[in-house]
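Presented below is the structure to which this report refers.
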Amino acid sequence: MSTIKDKIISFKNELPENVKLVAVSKTHPSEMIKEAYSAGQRIFGENKVQEMIAKHDELKNLDINWHLIGHLQRNKVKYIAEFVDLIHSVDSLKLLKEINKQAINNSRTINCLLQFHIASEDTKFGLNFEEAVEILQSEDYKKLTNVKIIGVMGMASFTEDEVKVRSEFTNLQEIYNNLKTNYFKDSNDFKEISMGMSNDWELAIESGSTMVRVGSTIFGYRSCSL
Ligand SMILES: *Cc1c(COP(=O)(O)O)cnc(C)c1O
């Protein structure tokens, strides 16, 4: 059986150069993060604030880039604002304003992605295109000084149907292109499309993904499905 280290190395070999790997370590212990780290992995994704804080504390001496990939409640932003590198799951102006406020409190700028609802399942969080436009056109948004939107994120439907998954990823790519043209033309930072997980990362890359979020392929199956 191959180790986590082997899996990181072989997975990275398969990724095109422009695609970053977010190693999704949720539910797995810090020891496994350390092993991935020793293989050169630096970006780790967690979907729960409490768990991310605990691991951040345990691994303080490692230069890890922590990405929050799960739904974020406004009242929890303050716990991660000091160290989080990228929040993938911004799905409201209220949340963005709170992130801005906590970023100011910590004298930093926090990078964010707008999360879009691209799957047909209604359990998944995220904005639709009109809601995103409403945020980007609002006066409140224009006043935010300490958040930077650097791209978009989405999760495809959980299905074997490749045609469906591909069309959902293409949809997110079109949303990205549209926002880039109309709202971020002059921003060199707006360049990320976070899509693709263990089951569908290859399809996501074909549709322009720049960041894949991969958990079980690297760390093994999780005992509970989250
Ligand atoms: C758990 C999770 C992943 C990784 O899922 P795997 O199928 O284990 O690769 C990616 N993105 C989000 C938002 C997740 O919650």
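Just so you know, ligand 1 is whichever comes first in the structure, and atom 1 is the first atom listed for that ligand.
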message: Quick check on Val214 - does any of its heavy atoms sit under 4.0 Å from an atom of ligand 1?
response: yes

field: Min heavy-atom dist Asn199 to ligand 1 below 4.0 Å
entry: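 In this structure, Asn199 fails to qualify as a contact of ligand 1 - no heavy atom is under 4.0 Å.
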
query: Which option out of Met197, His67, Gln115 puts a heavy atom nearest to atom 3 (C) of ligand 1?
result: Met197

query: Which of these, Arg213, Lys26, Met195, has its nearest heavy atom closest to atom 14 (C) of ligand 1?
result: Lys26

query: When the ring planes of Phe44 and Trp66 are compared, do they come out parallel, tilted or perpendicular, using 30° and 60° as the limits?
result: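 Answer is tilted, since the angle falls between 30° and 60°.
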
task: List for me each residue that meets ring pair (Phe, Tyr, Trp, His ring centres under 6.0 Å) alongside Tyr37, sequence neighbours excluded, and say none if there are none.
output: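 By the ring pair (Phe, Tyr, Trp, His ring centres under 6.0 Å) rule, Tyr37 matches no residue at all.
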
message: Under 4.0 Å between a side-chain nitrogen and a carboxylate oxygen: does that hold for Lys55 and Glu58?
response: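 Salt bridge between Lys55 and Glu58, a charged N being under 4.0 Å from a carboxylate O: no.
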
task: Between His88 and ligand 1, find which residue part has any heavy-atom pair under 4.0 Å and reply side chain, backbone, both or neither.
output: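 For His88, no heavy atom sits under 4.0 Å from ligand 1.
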
Per-atom contacts of ligand 1 with Gly215, taking only distances under 4.0 Å to non-hydrogen atoms: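 Heavy-atom distances to Gly215 below 4.0 Å select 4 (C), 6 (P), 8 (O), 9 (O).
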
- prompt: Between the side chain of Glu168 and the main-chain N/O of Ser157, is any donor-acceptor distance below 3.5 Å?
  reply: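 Yes, because the side chain of Glu168 sits within donor-acceptor range (under 3.5 Å) of the backbone of Ser157.
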
- request: Report the residues that fulfil side-chain contact (heavy atoms from CB on, under 4.5 Å) with Ser10, sequence neighbours left out, ordered by chain and then residue number.
  value: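 By the side-chain contact (heavy atoms from CB on, under 4.5 Å) rule, Ser10 matches no residue at all.
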
